[in-house]
Amino acid sequence: MDLFPYKKIVSKKRKYNRCEHIFIQGENMKGACECPIIHRDKVDKVKKQMLSDDILFDLAELFKIFGDIIKMKIICTLKENKLCLCNIAYITNSTQLAISNQLRILKQTKLIKARKAVYYSLADNHVI
């Protein structure tokens with residue numbers, strides 16, 4: 001992705017205040033930067049520190065989760081105590097199906113963890 005929406009980068013390079021600049025020109029500069037200079041040293045430094053697209057995508061997905069009120073209610077509910085699905089549904093005033101879907105998403109993003117209770121039963125009736 002190009003950070004600079006200008007049509008053409010002029011190849012003239014000049015030294016200005018001990019900083020290498022590239023002068024740019026574009027057709028429609030309305031709303032653009034008043035100083036049409038790319039500060040290469042600053043831009044290169046920021047580009048080196050920029051997170052990868054994969055990490056930024058994951059962060060964006062995480063922030064989407066925090067934008068959903070039901071998921072935030074679930075997170076706040078679980079902050080207080082470990083609860084089962086029906087209790088979470090009751091506290092959040094939602095259906096178990098809706099909460100189950102939200103819990104699945106929260107588990108996929110590793111914001112919550114689940115421990116399933118194990119129930120034992122006889123293999124068949126001949127044991128009695």
Side-chain angles (χ1 to χ4, degrees):
M1 182 174 133
D2 190 11
L3 297 176
F4 308 106
Y6 302 102
K7 288 280 184 187
K8 182 179 178 184
I9 295 180
V10 180
S11 62
K12 297 177 191 174
K13 292 185 180 181
R14 298 182 188 168
K15 292 285 184 179
Y16 181 74
N17 290 341
R18 297 181 184 168
C19 171
E20 184 178 318
H21 302 286
I22 296 177
F23 292 84
I24 54 178
Q25 67 185 40
E27 290 177 11
N28 185 5
M29 298 296 282
K30 281 189 177 179
C33 184
E34 292 177 9
C35 170
I37 299 171
I38 296 175
H39 300 269
R40 278 314 247 194
D41 55 341
K42 293 178 184 177
V43 169
D44 290 342
K45 183 178 179 182
V46 170
K47 278 186 161 185
K48 285 179 187 175
Q49 295 174 348
M50 184 73 70
L51 298 173
S52 71
D53 286 350
D54 291 338
I55 292 173
L56 290 172
F57 178 80
D58 290 343
L59 280 172
E61 291 298 313
L62 185 63
F63 283 118
K64 280 184 198 175
I65 288 171
F66 291 124
D68 183 341
I69 191 168
I70 297 295
K71 291 182 187 87
M72 290 307 299
K73 281 183 180 180
I74 293 169
I75 289 170
C76 291
T77 300
L78 294 176
K79 181 184 84 146
E80 298 302 321
N81 209 342
K82 297 176 187 174
L83 295 168
C84 67
L85 174 65
C86 62
N87 289 323
I88 297 169
Y90 180 77
I91 291 168
T92 59
N93 198 25
S94 299
T95 65
Q96 288 187 27
L97 179 61
I99 295 301
S100 177
N101 288 330
Q102 300 298 334
L103 289 171
R104 178 184 48 79
I105 294 167
L106 290 170
K107 280 191 326 190
Q108 287 173 345
T109 56
K110 299 179 182 172
L111 289 174
I112 65 168
K113 59 184 178 181
R115 245 185 6 190
K116 292 189 178 188
V118 178
Y119 295 95
Y120 294 92
S121 63
L122 296 175
D124 53 44
N125 290 335
H126 84 277
V127 177
I128 306 177

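Numbers here are sequence positions counted from 1.
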In Å, rounded to the nearest 0.5 Å, how long is the span from NZ of K82 to NZ of K113? 6.5 Å

I99 and Q96, any side-chain heavy atoms less than 4.5 Å apart: no

List the atom of L51, the atom of L56, and the distance in Å for their closest heavy-atom pair. O-CD1, 3.6 Å

Just how far is it from atom NZ of K45 to atom CG of D41, taken to the nearest 0.5 Å? 9.0 Å

Applying salt bridge (Lys or Arg N to Asp or Glu O under 4.0 Å) as the test, list every pair that has at least one member in residues 65-81; sequence neighbours left out. D68-K71

Under the side-chain contact (heavy atoms from CB on, under 4.5 Å) rule, collect the residues that match up with L62, sequence neighbours excluded. F66, L111

Give me each pair satisfying salt bridge (Lys or Arg N to Asp or Glu O under 4.0 Å) with a member in residues 53-62, each pair once, sequence neighbours excluded. E61-K64

Sorted by chain and number, sequence neighbours left out, side-chain hydrogen bond (donor to acceptor under 3.5 Å, both in side chains) with N101 holds for none

Value rounded to 0.5 Å, distance of OG1 in T92 from CD1 in I70: 6.0 Å

Please name all residues satisfying side-chain contact (heavy atoms from CB on, under 4.5 Å) with C76, sequence neighbours left out, ordered by chain then number. none

Value rounded to 0.5 Å, distance of CD1 in I88 from CG in L103: 5.0 Å

side-chain contact (heavy atoms from CB on, under 4.5 Å) filter on I91, not counting sequence neighbours, yields T77, L83

Should we count CD1 of I69 as having more than 12 external heavy atoms under 6.0 Å? no

CD1-CD1 distance between I65 and I75, expressed to the nearest 0.5 angstrom: 7.5 Å

